[in-house]
There are 2 protein chains.
Amino acid sequence: MRLRSLIPILEWLPRYDRRDLSGDLMAGLIVAVMLVPQGMAYAGLAGLPPEVGLYASILPLVVYGMLGTSRTLAVGPVAIVSLMVASSLAAITESGAVDPVTGAVLLAFLSGAMLMVMGVARLGFLVNFLSHPVISGFSSAAALVIGFSQLKHLLGLDIPRSHHITDTLHSALSQAGQINPWTVALGFGSIGILLSWRGAIPRWLTRAGMSAHLVNPIAKAGPLVAVLVTTLAVWGMRLDISAGVRIVADIPAGLPPLSTPSLDIALIRDLMPAALLIAVVGFLESVSVAKSLASKRRQIIVADQELIALGAANIGASLTGGYPVAGGFGRSLVNFTAGAVTPLAAIITAGLIALTVIVLTPLLYYLPKATLAAIIVVAVAGLIDVKTLRETWAYNKADAASLIATFFAVLFVGVELGIIAGVGLSLALYLWRTSRPHFAVVGRVGETEHYRNVKRHTVTTWPDILAVRVDESLYFANTASLRDTLLAEATARPEIRHLVLIMSAVNFIDASALETLETLSIRLSDAGVTLHFAEVKGPVMDRLDRVGFTTRPGIGTIYLSTHQAITDLRR
Amino acid sequence: MRLRSLIPILEWLPRYDRRDLSGDLMAGLIVAVMLVPQGMAYAGLAGLPPEVGLYASILPLVVYGMLGTSRTLAVGPVAIVSLMVASSLAAITESGAVDPVTGAVLLAFLSGAMLMVMGVARLGFLVNFLSHPVISGFSSAAALVIGFSQLKHLLGLDIPRSHHITDTLHSALSQAGQINPWTVALGFGSIGILLSWRGAIPRWLTRAGMSAHLVNPIAKAGPLVAVLVTTLAVWGMRLDISAGVRIVADIPAGLPPLSTPSLDIALIRDLMPAALLIAVVGFLESVSVAKSLASKRRQIIVADQELIALGAANIGASLTGGYPVAGGFGRSLVNFTAGAVTPLAAIITAGLIALTVIVLTPLLYYLPKATLAAIIVVAVAGLIDVKTLRETWAYNKADAASLIATFFAVLFVGVELGIIAGVGLSLALYLWRTSRPHFAVVGRVGETEHYRNVKRHTVTTWPDILAVRVDESLYFANTASLRDTLLAEATARPEIRHLVLIMSAVNFIDASALETLETLSIRLSDAGVTLHFAEVKGPVMDRLDRVGFTTRPGIGTIYLSTHQAITDLRR
């Protein structure tokens with residue numbers, strides 16, 4: 001049992017139902033067709049040779065297929081992780097002392113090791129600290145950075161790699177005269193093919209009466225068509241020589257050799273922070289895709305097991321010359337809708353990629369880099385998320401501000417610092433919110449047992465009793481606010497004899513707040529006011545009892561309900 | 001009116017009551033007698049010549065007296081700030097390129113400027129983020145570090161300055177053979193005088209029938225007696241030459257010249273983080289002392305004005321060759337109990353210190369450094385706070401852990417990093433707490449309208465209704481926990497048709513949590529369960545209404561009370 005939950009393939013493979021085979025086969029094939037150009041394109045985005053992307057699409061898929069709890073997650077190179085790899089390698093490889101592939105392989109190893117450690121230590125909950133607005137702002141900005149980084153391939157220019165969009169745009173504009181028209185035609189032609197294969201062509205085929213059974217696989221062949229058409233065009237017209245169109249050219253044939261990553265301590269120290277961020281972001285993308293697909297079939301994703309599976313997949317990548325991998329959104333959705341039922345689909349994909357690396361690389365010689373850029377641009381366009389910004393703005397301006405700040409920080413400061421700033425800001429926002437709690441003076445609604453805010457409802461109050469509902473747990477950052485507010489209320493109305501604190505919204509009282517409540521009760525009692533409590537929660541009461549708080553001088557009665565408190569004090 | 005709140009002296013001086021003069025005079029004199037040796041001692045602790053401590057005890061007191069909102073706070077050199085100055089200068093002055101006094105003067109200027117900026121920006125609330133356990137752990141550890149740093153003066157050894165207690169102890173033990181017996185006698189003799197003047201002697205005088213009027217000033221003369229006795233002993237026996245006892249020796253006579261701090265950009269950048277910490281810690285100590293004294297006389301301390309007053313006092317220190325100042329606990333208490341009624345007492349103290357600097361410095365020539373060390377050790381002993389640790393441990397182990405961690409971090413990592421680690425840890429602890437909220441399944445208590453936790457009370461529940469009270473505000477870090485808990489509860493009991501979320505303890509719902517509630521309602525409705533809400537607070541409801549949350553598919557009814565919800569759903 002225990003072994004089966006650690007190695008899920010032992011669970012599903014022995015019970016494999018043959019009727020699932022056709023779906024798994026078809027999905028495995030379609031994802032492979034999609035993954036060959038994507039893997040090469042994302043490797044280019046990461047600043048690596050195309051074969052590194054293909055190597056990262058073999059062993060990691062098999063490893064995840066064996067260990068992952070998602071049945072349909074398509075692991076491999078993904079856009080945002082590739083961007084983060086590029087950004088973290090930029091500083092290190094600039095001097096030329098470290099080869100980018102060496103750095104990327106080590107990054108995969110370090111992220112993999114960290115994911116596994118987090119899995120064993122059950123630290124999966126840490127990803128909860130990335131809020132939706134931060135993720136949305138980060139994804140949109142990363143998509144823009146990625147999109148602009150492909151400008152050079154789409155226009156055939158020599159734009160130096162930069163993570164500042166303004167630099168990229170400036171270089172592009174200053175070189176506008178050197179734009180290569182054939183490259184532009186191939187790049188935008190590919191974008192046209194990709195978009196029409198997604199939208200117009202399936203619609204047209206359906207309208208023409210073709211069955212969905214046939215239309216669906218055709219709709220997913222866009223990347224293959226773009227690759228075929230543009231490769232044939234370059235080959236036929238020898239555009240690489242006649243027009244200077246850049247092509248993929250030689251890819252080493254054969255499977256990658258097994259090797260261990262370089263364990264240079266200085267390099268490890270330099271890459272450690274980036275590896276941690278890549279691990280967290282890759283895990284977050286993978287788990288959110290996996291959960292959303294699993295919920296459609298009522299399957300369960302175990303976050304801590306996912307950490308181990310993705311960690312092992314990344315270590316697998318590093319042992320076979322690959323770079324960091326994650327579960328991609330687009331590819332997983334294709335896998336799912338193409339009929340994948342079990343991880344066998346991913347293992348079939350891996351087999352087909354291996355076959356490609358062994359025998360098909362010569363066919364990719366004339367593939368123009370503009371086509372790969374087009375595949376990237378179309379894939380990341382979907383990450384630009386204006387809807388979340390609009391909805392968040394309507395709901396809560398502060399959350400929207402953290403989205404916008406993350407977006408601009410990623411765009412103008414950098415990918416890594418941007419996401420760290422976003423997380424820091426969202427935490428600071430939360431602390432700021434909870435440090436200024438809402439206090440409501442309440443009164444009785446009619447002759448009921450309900451007590452509501454005097455500012456929002458027509459209620460009865462009493463001259464000598466002040467009932468205040470505290471709308472926040474009490475902890476060090478808000479105790480000063482509690483003390484000052486209550487003393488001000490009590491000072492403003494000298495006729496008050498009883499202050500009832502309604503604790504229904506207080507989920508804990510930390511040691512600082514306890515001390516503040518003690519000094520507050522003493523100061524109130526100096527002013528002739530007794531401090532009572534009502535609706536104290538069980539866990540909170542347990543702790544107060546433990547230190548004998550309720551028997552201290554100045555502390556009145558602890559009432560089960562506000563109504564009891566008021567009834568008793570009015571006597 | 002506005003001017004008077006900016007410059008409080010305009011408020012109190014014109015209304016000065018002559019009957020307050022005797023108290024102010026006596027307090028001013030007593031504090032001056034205490035401050036001369038203390039100022040010199042704390043300057044030594046900071047690694048500065050003794051006169052710097054005296055210079056910091058003149059203008060800053062006058063400035064604070066004019067601008068501060070506390071009537072009795074005694075500003076000047078304090079132990080913990082002196083330790084922080086020593087620690088932040090250590091790295092910079094090591095190379096010898098920067099003179100310690102130059103660095104200290106600049107630190108005073110920078111902390112002062114930052115305090116004033118914080119005051120104008122109304123950032124006083126930031127100090128609320130230092131929790132009581134962190135402050136307690138920090139003070140205890142700082143007291144130990146300070147105490148051990150005086151070992152060399154008390155034993156007459158050459159122990160290199162270090163912020164690691166183990167290093168200091170190791171050096172002291174390895175040099176045990178070179179301990180200077182006369183220095184030990186003077187140091188421990190002074191400690192004996194200080195302790196007996198605090199305890200035994202006043203008790204004995206009171207028992208002998210002396211009036212409190214006379215006993216109180218005598219009890220505060222301990223430092224003066226220690227200084228007189230040991231100075232006379234060294235002078236009489238020429239112990240500085242005959243026995244190698246280290247003495248204060250020459251102190252430049254006369255007032256410090258007015259000068260502007262060195263504005264070296266590189267040095268400013270290096271000192272900036274330390275200046276910020278010194279500003280925050282100094283402000284915190286000052287405000288907590290000022291508030292505790294003010295509350296005894298029902299006076300009000302305005303935190304943002306205190307920032308400005310303390311900032312101006314520090315800038316005053318930097319213009320007159322002083323180093324960072326704050327309101328000290330012990331001295332302020334002496335000032336208060338000696339009869340100070342207005343800041344005139346502090347201005348009188350400043351005048352007396354100025355007089356000392358002008359004419360009395362030759363009398364301090366033979367003052368042994370061991371006496372100053374004794375004054376420091378006795379002053380900081382009171383900072384070692386075991387009581388808070390004991391009480392916190394009984395109340396809440398996690399809070400106690402943050403106290404202990406801060407204590408050890410200050411002791412073994414360093415003063416600055418230690419307090420930063422403490423603040424980080426207490427915030428992390430709070431986030432960790434709120435990220436794993438308490439959920440209570442509730443039922444009806446008898447035939448009342450009260451609903452309580454099924455695990456703590458005997459209550460009625462219903463097979464098709466699940467009522468869950470959420471004991472935390474909903475935000476990004478706990479939405480996953482909310483969703484997983486509720487889906488697990490709903491899945492475990494397939495007969496459930498209605499899930500009522502009781503929101504009495506939910507003080508806000510952020511954008512991430514809103515999205516989670518939406519997906520939750522959709523998933524529940526797939527499983528045939530309707531999601532209802534009860535007791536949603538006004539401010540929370542306002543936001544939900546703004547985005548039309550309540551009209552979305554899958555969302556049931558919003559009830560005013562749990563009882564209404566249950567009554568309605570049971571029909």
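Naming: A, B, ... by sequence-line order, numbering from 1 per chain. Any value given below was found using the heavy atoms of this structure, including those in side chains, with hydrogens, waters and symmetry copies removed.
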Working for side-chain contact (heavy atoms from CB on, under 4.5 Å), residues B/Leu560 and A/Arg452
CA-CA 11 Å; B/Leu560 189 61; A/Arg452 291 285 182 277; 3.6 Å; yes
Test log, rule side-chain contact (heavy atoms from CB on, under 4.5 Å), inputs A/Arg469 and B/Lys537:
CA-CA 11 Å; A/Arg469 194 186 66 215; B/Lys537 297 196 165 164; 4.0 Å; yes
Is the closest side-chain heavy-atom distance between B/Phe476 and A/Pro133 below 4.5 Å?
no
Give the C-alpha distance, both sets of side-chain angles, the deciding distance and a yes or no for side-chain contact (heavy atoms from CB on, under 4.5 Å) between A/Glu391 and B/Val547.
CA-CA 8 Å; A/Glu391 289 178 355; B/Val547 290; over 6 Å; no
Side-chain donor/acceptor of A/Asn507 to backbone N/O of B/Asp471, under 3.5 Å
yes
Residue selection (most heavy-atom pairs with chain B, distance under 4.5 Å) from A/Glu472, A/His563, A/His450
A/Glu472
For the residue pair B/Lys291 and A/Thr519, establish whether any side-chain heavy-atom pair is separated by less than 4.5 Å.
no
Around atom NZ of A/Lys397, are there more than 12 heavy atoms from other residues, nucleotides or ligands closer than 6.0 Å?
yes
Contacting region of B/Leu429 [heavy-atom separation from chain A under 4.5 Å]:
neither
Please verify the inter-ring angle class for A/Tyr430 with B/Tyr475; under 30° counts as parallel, over 60° as perpendicular, anything in between as tilted.
parallel
Among B/Leu487, B/Asn478, B/Thr434, B/Thr516, who wins on heavy-atom pairs under 4.5 Å with chain A?
B/Thr434
Does any backbone or side-chain atom of B/Ile135 lie under 4.5 Å from a heavy atom of chain A? Answer side chain, backbone, both or neither.
neither
Quick check: closest heavy atoms across B/Tyr395 and A/Ile509, and the distance to 0.1 Å?
OH-O, 2.6 Å
Shortest non-hydrogen contact from B/Thr392 toward A/Ala511
CG2-CB, 3.7 Å
Shortest non-hydrogen pair, B/Phe125 vs A/Arg436, comes out as CD2-NH2, 3.9 Å
Distance col, row B/Ile502:CD1 vs A/Ser504:OG, nearest 0.5 angstrom, shows 12.0 Å
For a 4.5 angstrom cut-off between non-hydrogen side-chain atoms, does A/Leu514 reach B/His132?
no
Would B/Arg456 and A/Asp542 pass as an ion pair if we require N to O under 4.0 Å?
yes
Among the options B/Pro539, B/Ala303, B/Ala480, pick out the one with the most heavy-atom pairs lying under 4.5 Å from chain A.
B/Pro539
Above 12 or not: heavy atoms from other molecules or residues under 6.0 Å from CZ of B/Arg122?
no
Against chain A, label B/Phe549 side chain, backbone, both or neither, depending on which of its atoms sit under 4.5 Å from a heavy atom there.
neither
So which part of B/Arg543 gets closer than 4.5 Å to some heavy atom of chain A, the side chain, the backbone, both or neither?
both
CA sep, side-chain torsions, deciding dist, call: A/Arg433, B/Asp510, side-chain contact (heavy atoms from CB on, under 4.5 Å):
CA-CA 10 Å; A/Arg433 267 180 188 149; B/Asp510 81 351; 3.5 Å; yes
